[in-house]
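Scroll down for the structure; my scribbles are underneath it.
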There are 2 protein chains.
Amino acid sequence: MTIGVRHDDLRKRNRAMVIAAVRRSGQPSRTEIASATELSHSTISAISSDLINEGILAEAKSEATATKRGRPQVGLCLNPDAGVVLAIVLSLNSLSATMIDYSGTAIAQDISRPATLSMGKAELIEVVLAAARRLIERPDLAEKRLLRIALGIQGITDSDARRLMWTPITPEGDIDFADALEEAFGIPVTVQNDCNMIAVALRNRAPERYSDNFIAVLLSNGIGMGLVLRGELFTGSHSSGGEFGHMIHMPDGALCRCGRLGCIEAYAGNYAIFRHARGEGERAKPAADIDDATMLALAAAARDHEGRERDAFHKAGEAIGFGLGSLFALIDPAPVAIVGLGASAFDIIEPSIREAIAKTAGGQHNAAISFDLEPDEAPLIREGCARQALTFVDQEIFAPGQAMQALAGREVA
Amino acid sequence: MTIGVRHDDLRKRNRAMVIAAVRRSGQPSRTEIASATELSHSTISAISSDLINEGILAEAKSEATATKRGRPQVGLCLNPDAGVVLAIVLSLNSLSATMIDYSGTAIAQDISRPATLSMGKAELIEVVLAAARRLIERPDLAEKRLLRIALGIQGITDSDARRLMWTPITPEGDIDFADALEEAFGIPVTVQNDCNMIAVALRNRAPERYSDNFIAVLLSNGIGMGLVLRGELFTGSHSSGGEFGHMIHMPDGALCRCGRLGCIEAYAGNYAIFRHARGEGERAKPAADIDDATMLALAAAARDHEGRERDAFHKAGEAIGFGLGSLFALIDPAPVAIVGLGASAFDIIEPSIREAIAKTAGGQHNAAISFDLEPDEAPLIREGCARQALTFVDQEIFAPGQAMQALAGREVA
DNA sequence: TTATTTTTTTCGAGGCTCGAAAAAAAGAGC
DNA sequence: GCTCTTTTTTTCGAGCCTCGAAAAAAATAA
């Protein structure tokens, strides 16, 4: 907020605004863009003409129903050939790389299953680089202009979106993926927390439901959270932040995977539910991974009869509910999306969650708090990464300051 | 982010930038402003010449030591006569109204002690209006141009800064102070949470220490928090938010003033410490107010010998520590200022706070977390209100869009 | 008194957005 | 089939704004 606004920033911002309008609404006409951005028709005309000449936008050739009188509107769309981005998703024993064209369509994918738990830093970096290379060097894709790579990873990343600071998928921490990938491919790279990418994807999918304030909670072996406040992705000051799973539910309580006691995750993570259902103590060593079938069987048992399984899910709901209640005390109640395998057992835990929330500051709005379920997190993470990467391209590469514009224009035209 | 940038916004923003630079740095010269804002000398020259003509800025006439060679720099300062704002602070049985000139100097104050607990909505509004009127209508102040009123209140306000939604100072809730004051005085009014104003004041006082991320915790009968994240005051989506005191420390635990169980406040508020020290149960009815002398006596006893007093402060520290730990899990560790009477007993509770934090996600940074103490909250709240009001004047009244500028210019010149 | 240094103002150039008018591209009416 | 009407899009000149360079201003140094 210290730096003044220069004259060339004006065009830069308005270009970005036009691109954003097109990305948001499919095939808006120039007139629609003008009214959406509140800029004059002349300005929109000038900017879109530039963008079309530079190969960023294109006129949509839909021989549509010209039912109205008057000159028909010409829809503008993103030119798919303007470039591509790479969305890479790394989680426990699973790696996917997806190439997405500028219009947002996935055009190629590479999926592999590396044994991440037994890999060191260098090995993990190498496996990611290899997956990216397999796609980038494919003969039919070699001509594409790669503009950006976004990496979504399970774990804590730094606030500059460059390093993985801690992760459950390998014993090693502090892995500088961005440096490694940038050196290998020579384009900007971001490294971000998977739950944050889920939040981005949700907003992208259903902007009417997830807009200004909402919470995405990932229930799997660990508990993750992506938080959007006032329309912006919330991150910590140093890290990706939003470590909902490591808020304290019960001081000096159950043993968490992070080594501390009483975290929400130590009650609501898959390993915690599993541990409790098996009758192991609260301080028993957390399992590194529990397969989906086992968790689904536990859920089925909990639905079927009273007993330790049901009790375990109840404890999980209680921890999540009190945690959400504390969170609501800080940020006010907001819509919640429950993502991941836990969503398929949500019918069992929802009553305990609501019961706990009712005992907290968010309690009076309990009825108004809605939970949406998204059992499959992988596509969401991929979508979020793609979207983040494309937004960067929109704002930083295709709407640059004046100096860069000359260069970029020459290159594209 | 949807609306494009118009040409006249440019000037508006750069004017605001220049005013902000002057407010921040005392008496900067045009050259210093140019380098701070990264705008050209010509632009700064044009803007500051306008601002001086409009009576917003003035050239400082300090016959200073011209030790250097060359044309001496002329410092610019805020013109105190450009207008005044009113900062009104309302808390339990206490009301103050302060008139502050445009340069930030307090020029008059009116302090009273209404019995708020026994007052209804209308009565409370009336007492505030009366205090404001006493100042505004004072003969020596009647000529001043009042531009803005900022009200700082103990309690929860709405996110539009217009209504008091809940407060401990009177049994009634939902009091629309902004409407009442705007109708009476015909100028914009904001109503904001006291702790948020404390945070604003701290940043104003010590920007080097409290800049991008910090936490102000108010320890008095209740527990309040003001949070600054990424340089912006954090508020909830509907309310003033940041209700740290009502995060859950212990599910189904001690009885809180809010009627729920286990809130941090139910362990760390004055009434909770008092209750514990007196040997009353955790579920005993909270006292509405406990005078400072009593609390100081409890603290002295806790320092002097082991026993229930010391235990009470220990429990308080534990609740605050685990609460900060949970907060740090969400936003990452940040500097903490302890404000209010509790700061004078901080030596007793700090060990328990640190012990608890060590058991949480923020634990590894325990040593790096600093606590500053500010025992007297009242002047901070006043300062924060004044600053908020002045910033609004800077940005919205003295740096308006083009249409308004013509009007404002005429009026001032 | 003149030269030097530093700050501030002045002035013309270039860019951007805007409003009005013109051009373009369709259907409606006869 | 031709002209009129309607709507979208482009063109064009005007008005601002910021910028860089040069000039002016105001002090010290020699």
Side-chain angles (χ1 to χ4, degrees), chain A residues 3-18 27-53 57 59-76 399-403 405-406 409, chain B residues 3-18 27-53 57 59-76 399-403 405-406 409:
Chain A
I3 295 171
V5 187
R6 264 85 153 282
H7 207 179
D8 31 318
D9 293 338
L10 235 166
R11 232 318 144 76
K12 173 189 159 87
R13 293 196 199 187
N14 287 342
R15 277 171 66 106
M17 212 66 73
V18 170
Q27 295 195 348
S29 69
R30 291 167 176 83
T31 306
E32 283 163 352
I33 297 173
S35 74
T37 57
E38 294 187 21
L39 293 168
S40 71
H41 286 189
S42 3
T43 302
I44 300 302
S45 180
I47 292 177
S48 47
S49 150
D50 282 359
L51 291 173
I52 289 171
N53 282 334
L57 297 186
E59 298 198 331
K61 284 175 203 68
S62 66
E63 307 302 327
T65 51
T67 164
K68 272 193 313 182
R69 207 149 126 150
R71 179 171 174 174
Q73 303 192 353
V74 181
L76 296 182
Q402 210 173 20
Q405 196 170 323
Chain B
I3 296 171
V5 186
R6 264 85 153 281
H7 207 177
D8 31 318
D9 292 338
L10 234 166
R11 232 317 145 78
K12 172 187 159 90
R13 293 196 200 187
N14 287 342
R15 274 171 68 105
M17 212 65 75
V18 171
Q27 297 195 345
S29 68
R30 292 169 176 79
T31 307
E32 283 163 352
I33 296 174
S35 75
T37 57
E38 295 187 21
L39 293 168
S40 72
H41 285 190
S42 4
T43 301
I44 299 301
S45 181
I47 290 177
S48 48
S49 150
D50 283 357
L51 291 172
I52 289 171
N53 283 335
L57 297 186
E59 297 199 331
K61 285 175 203 68
S62 65
E63 307 302 327
T65 51
T67 164
K68 272 192 313 182
R69 209 150 123 148
R71 179 172 175 173
Q73 304 192 352
V74 180
L76 296 182
Q402 211 173 19
Q405 196 169 324

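Below, chains carry the letters A, B, ... as their sequence lines are ordered, and counting in each starts from 1. This one's a predicted model, so the numbers in the text were calculated from it and none came from an experiment.
A:Ala34 meets the side chain to side chain contact (heavy atoms under 4.5 Å, CB included) test with A:His41, A:Ile44; sequence neighbours excluded. Qualifying salt bridge (Lys or Arg N to Asp or Glu O under 4.0 Å) partners for B:Arg13, counting only residues two or more places apart in sequence or in other chains: none. Listed by chain and number, the residues in a side-chain hydrogen bond (donor to acceptor under 3.5 Å, both in side chains) with B:Glu32 amount to none (sequence neighbours excluded).
Between B:Leu10 and A:Gly70, the residue anchored nearer the 5' end of DNA chain D, judged by the nucleotide with its closest heavy atom, is A:Gly70. Heavy-atom nearest nucleotides on DNA chain D were determined for A:Gln73 and for B:Ile47, and the one closer to the 5' end corresponds to A:Gln73.
A:Lys12 has no side-chain polar atom (N or O) that falls below the 4.0 Å cut-off from OP1 or OP2 of C:dC16. Phosphate proximity of D:dC16 to B:Arg11: absent, as no side-chain N or O sits under 4.0 Å from OP1 or OP2. The shortest distance between the side-chain N/O atoms of A:Asn14 and the OP1/OP2 oxygens of C:dC16 is not below 4.0 Å.
B:His7 is listed as a side-chain neighbour of A:His7, based on a closest heavy-atom distance under 4.5 Å.
The nearest whole Å value for the distance from the CZ atom in B:Arg15 to the P atom in D:dC16 is 15 Å. Following rounding to the nearest Å, B:Arg13 (CZ) and C:dT17 (C1') show an atom-to-atom distance of 15 Å. Across the protein-nucleic acid pair, A:Glu32 atom CD and D:dT8 atom P stand 9 Å apart, rounded to whole Å. One atom, CE of B:Met17, and another, C1' of D:dC17, lie 15 Å apart when rounded to the nearest Å. Per the geometry, CD1 belonging to A:Ile33 stands 16 Å off C1' belonging to C:dT17, to the nearest Å.
For the helix from C:dT1-D:dA30 to C:dC30-D:dG1, the axis fitted to the five pairs at one end and the axis fitted to the five pairs at the other end meet at an angle of 20° (nearest 10 degrees).
Considering all non-hydrogen atoms of both residues, A:Arg30 and A:Ser48 come closest at NE-OG, 3.6 Å. In terms of heavy-atom proximity, A:Ala399 sits nearest to A:Lys12 at O-CG, 2.9 Å. For the pair B:Val74 and B:Ala60, the tightest heavy-atom approach, listed with the atom from each and the gap, is CG1-O, 4.5 Å.
Judged purely by atom type and a 3.5 angstrom limit, A:Asn14 has no side-chain atom pairing as donor or acceptor with the backbone of A:Ile47. Side chain of A:Asp9 to main chain of A:Arg6: a donor-acceptor pair is present (N/O by atom type, distance under 3.5 Å, no hydrogens or angles).
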Short heteroatom pairs, N/O only, protein and nucleotides 22-24 of chain D, under 3.5 Å:
none

Quick test: give all pairs of protein nitrogen or oxygen and nucleotides 18-20 of chain C nitrogen or oxygen below 3.5 Å, distance rounded to 0.1 Å.
from, atom 1, to, atom 2, distance (Å)
C:dC18, OP2, A:Ser40, N, 2.8
C:dC18, OP2, A:Ser40, OG, 2.8
C:dC18, OP2, A:Thr43, OG1, 2.7
C:dG19, N7, A:Ser42, OG, 3.2
C:dG19, O6, A:Ser42, OG, 2.8

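For the residue pair A:Thr43/A:Ser40, the side-chain donor-acceptor check at 3.5 Å is satisfied.
Closest to the side chain of B:Arg30, from the set C:dT8, D:dT8, C:dA28, is C:dT8.
Taking CG from A:Leu76 and CD from A:Glu59, the interatomic distance works out to 6.0 Å, rounded to the nearest 0.5 Å.
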